[in-house]
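Small disclaimer: the values here were computed from a predicted structure and weren't measured.
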Amino acid sequence: MTEAHTIAGKERMSRDFIAAVIARRFPKGWLVNLGVGMPTMVGGYVHPDQEIVFTSENGVIGYGGILSGNDVDPDVVNAGVQFVDLVPGAAIVHHADSFALIRRGMNHVTVLGCYEVAQDGSFANWRTSMGEWDNLGGIGGAMDLAACAQQVWVMMEHTTREGAPRLLEHCVLPVTAPSGVTMAFTDLGVFSVKNGRFTLEEYAPGWTPEEIAALTGAPLDISPTVSEVQFPR
Amino acid sequence: MTEAHTIAGKERMSRDFIAAVIARRFPKGWLVNLGVGMPTMVGGYVHPDQEIVFTSENGVIGYGGILSGNDVDPDVVNAGVQFVDLVPGAAIVHHADSFALIRRGMNHVTVLGCYEVAQDGSFANWRTSMGEWDNLGGIGGAMDLAACAQQVWVMMEHTTREGAPRLLEHCVLPVTAPSGVTMAFTDLGVFSVKNGRFTLEEYAPGWTPEEIAALTGAPLDISPTVSEVQFPR
Amino acid sequence: MARPIICNSMAEAVSDIPDGIQLLVPGFGPGTPHNLLTALFNTSVKDIHAVVNGVGFPSAATDGRKSLGDLIAQGRVRKVTAAFTAPTHPSQQSIAAEMIRTGKMEAELVPQGTLAERVRAGGAGIPAFYTPAGVGTLTATGKEHRDFNGRTYVMEEAIFADYAFIRAWKADTAGNLIFRLAARNFNPIFAMGAKHTIVEVENPIVPAGELPPDQIHTPGVVIEKLVQIPPDGFFRDVPRA
Amino acid sequence: MARPIICNSMAEAVSDIPDGIQLLVPGFGPGTPHNLLTALFNTSVKDIHAVVNGVGFPSAATDGRKSLGDLIAQGRVRKVTAAFTAPTHPSQQSIAAEMIRTGKMEAELVPQGTLAERVRAGGAGIPAFYTPAGVGTLTATGKEHRDFNGRTYVMEEAIFADYAFIRAWKADTAGNLIFRLAARNFNPIFAMGAKHTIVEVENPIVPAGELPPDQIHTPGVVIEKLVQIPPDGFFRDVPRA
């Protein structure tokens, strides 16, 4: 435990809280790709009025929430191979057409899980080893999405279990893309990533910008309109 | 009229005759593309036992004969935009998938119309002008087909209206492909094209190999098994 | 779902198209967006770069329908990229070919499969690819050649256009499209190959959810505008026979 | 129509597969050809180069079904080309990853969209294409880079395999295939991406002509063998919840 991490005796935002914070930020009618892991939770927090279309790498265009129980359709899954339902107006395409649409820039945003994000917009989410290149890792569709979505948002823990920052000046792990992240959502706040700088836009309830800056591995600007994160209704 | 052409007071094979000669040569189960013009007539002369599948550049896989009258389906056409019917087991794909299959080498043979064919297997069928390259011409799918079908057969008149040969040492017109033709079917006979040589395999009824050689603009070998074309029953 | 705009008329659907656009025009006999082409003809839009299988002829129809050939004949098409820029037979005459020959219209002649794949690539975020079609012919003149596994290929660059006009058989309010038989042809790839895709639909546009997700040929997310063909519109190509 | 061979059993369908093949294995949860993979496991085929989304794990199922992971665990897979060669999280263990780490199995890790497009290209006669995916990452190491319109892309070469195992929902005797919902995934492109394509079919194979031509996802002309999943076969993935 680093000294900085002791600040974290305070409660951080839950994954569901972060998912809701992300979900409310989608402008109406956006096409959204949700990555494997934490991001798949975001689908549960959009409002019908937002008319968000969720797309998945496996060619599902227009799915709803994650399902469980015995009523699931075994042939309807999202990118995390979780059972989901199709919404009215859904369409299915094959994998090559799915990535054709992704590369074409169909997605207004992709929300991806993340180990590290740097102030230049690079991020790392597919390999935890820094060793020599040995073709080991789990990329999935993240590199295609990161290179081609109109925006890349990352959803992540602000620090490692040991308290080391995950928002950095430079990524230490191999990157998923050398640039592109515009927003980072952590358990401590909402950060924009622009012009090579992190800016704190919203902070977790009970936290101060200074406490968050102390847990951040890069210079942190504070937005003039910074405020506490509101849990969306 | 050249002197040679006066030999042509003799009757040449009709287009229907040539179409039938081509049709009977398809081995069982071949996938056959028929080009615009004369080749589309070939479809009317296959026997059901041959189980030939005709494909068209516009994504129709499995069509039958050319139709006329009021019972045609206006949405079912071949590469010549002639109305045809679909056979049981037909499938429709879009234009990019259609040419994906063509480039993949799906077609055992493409039968194309032709102005000139040379002994090296090159042929010309898309432009009648020898002038400077001005982007004028009608290629259609011929270049994709000629480059990618497993075999290229050409169906053509043996001579121009003026009596000049269309089987040549070298094409004069701009080529559709610099090689690839394996068989040429003309109104005077059937010719294999192999190792840089034309070989007469069958001659039109009433014609002699020598008469045909005289109307051919390249050296003509005579097959040891040469025979008169039999009109297939 | 994000929804395309459903227009009330063909005129409305083409009302904001500026001069100078690159326009994809599908069709291979059936599947031609006659209604949108006619509506475009009735605007003043010019300097069009049309991407199309064949440049065609002015419409011979007496019912008011117009084709790309009519726009060409009026000098409103700056350039064509096509697999047929002239009739193959010297006995046939074409206004378009004459305009190309005399320098009044620019032309790019490409193999049909290359044309289809260039637009597919554009709609798939692929800037260039290699094909064997055309190698050793005039159409490969000036293009980069490269060998893979002992065979020579030519590099072709993608086309991603400003606009596409599409002709669909069925559509829902989410923009999902189904085409009918050989009317499909270039439509699905051209629908993906442009920034602004406008669709004329033969059947009444149904609510999202009514078309089976497994039977959609073009996902609605790439569609900007839908307009149903009105009762007095140009519905089907008349059988020629 | 030219007809694919209809096999009487999974064992018959895989009986002539030699060692050393490159094999396409689709599936993304649903759509995995479990029956053919199990039949292949029960042969002695080895030295396989598998092209697959993820290397996976040995099957945990108690019903006898085997996965690619079982073939890998037996050392019968020489190489994998995949978008997942190891679990992303260090807490997870994978036999496949350990074999790759220790040099017992060769691996090529590629972005998923690149994997899909490489096979699509192979099945489309396109030897190489350019993509932005992976530029600036380790996966682009040693690959050719090139700029188009001011953006940098990496060149990727096609994959055209010896064999593909396919899982279809419906099929006819002409080999035409229909997939169901997200079970489609890699199946249509992998079906086109190999010299020998073998299909396990969930529903009874119907006579040619019974499937609507407009609803075919894979045209039968690329199919070599069809085999219906028997009553005691592995029909569907069991819901996990």
All pairs passing salt bridge (charged side-chain N to carboxylate O under 4.0 Å, His left out) where residues 87-97 of chain B contributes a residue, at least two apart: none
Within residues 70-93 of chain B or reaching into it, pairs that qualify as salt bridge (charged side-chain N to carboxylate O under 4.0 Å, His left out) - sequence neighbours excluded: Asp73(B)-Arg180(C), Asp75(B)-Arg180(C), Asp75(B)-Arg236(C)
Largest heavy-atom contact set with chain B, pairs under 4.5 Å, which of Gly209(D), Pro219(D), Pro213(D): Pro213(D)
Salt bridge (charged side-chain N to carboxylate O under 4.0 Å, His left out) partners of residues 215-230 of chain D, not counting sequence neighbours, each pair once: Asp16(D)-Lys225(D)
Ring centroid separation Trp153(B) to Phe26(B) under 6.0 Å: yes
Donor-acceptor side-chain pairing of Gln112(D) and Asn53(D) below 3.5 angstrom: yes
Any donor-acceptor N or O pair under 3.5 Å, side chains Asn33(B), Ser56(B): no
Residues of residues 114-130 of chain D within contact distance of chain B, non-hydrogen under 4.5 Å: Arg120(D), Gly123(D), Ala124(D), Gly125(D), Ile126(D)
Options Leu86(B), Leu101(B), Ile102(B), ranked by heavy-atom pairs under 4.5 Å with chain D, top entry: Leu101(B)
Glu108(D) vs Val110(D), side-chain contact (heavy atoms from CB on, under 4.5 Å): CA-CA, chis, key distance, verdict: CA-CA 6 Å; Glu108(D) 181 187 24; Val110(D) 293; 4.1 Å; yes
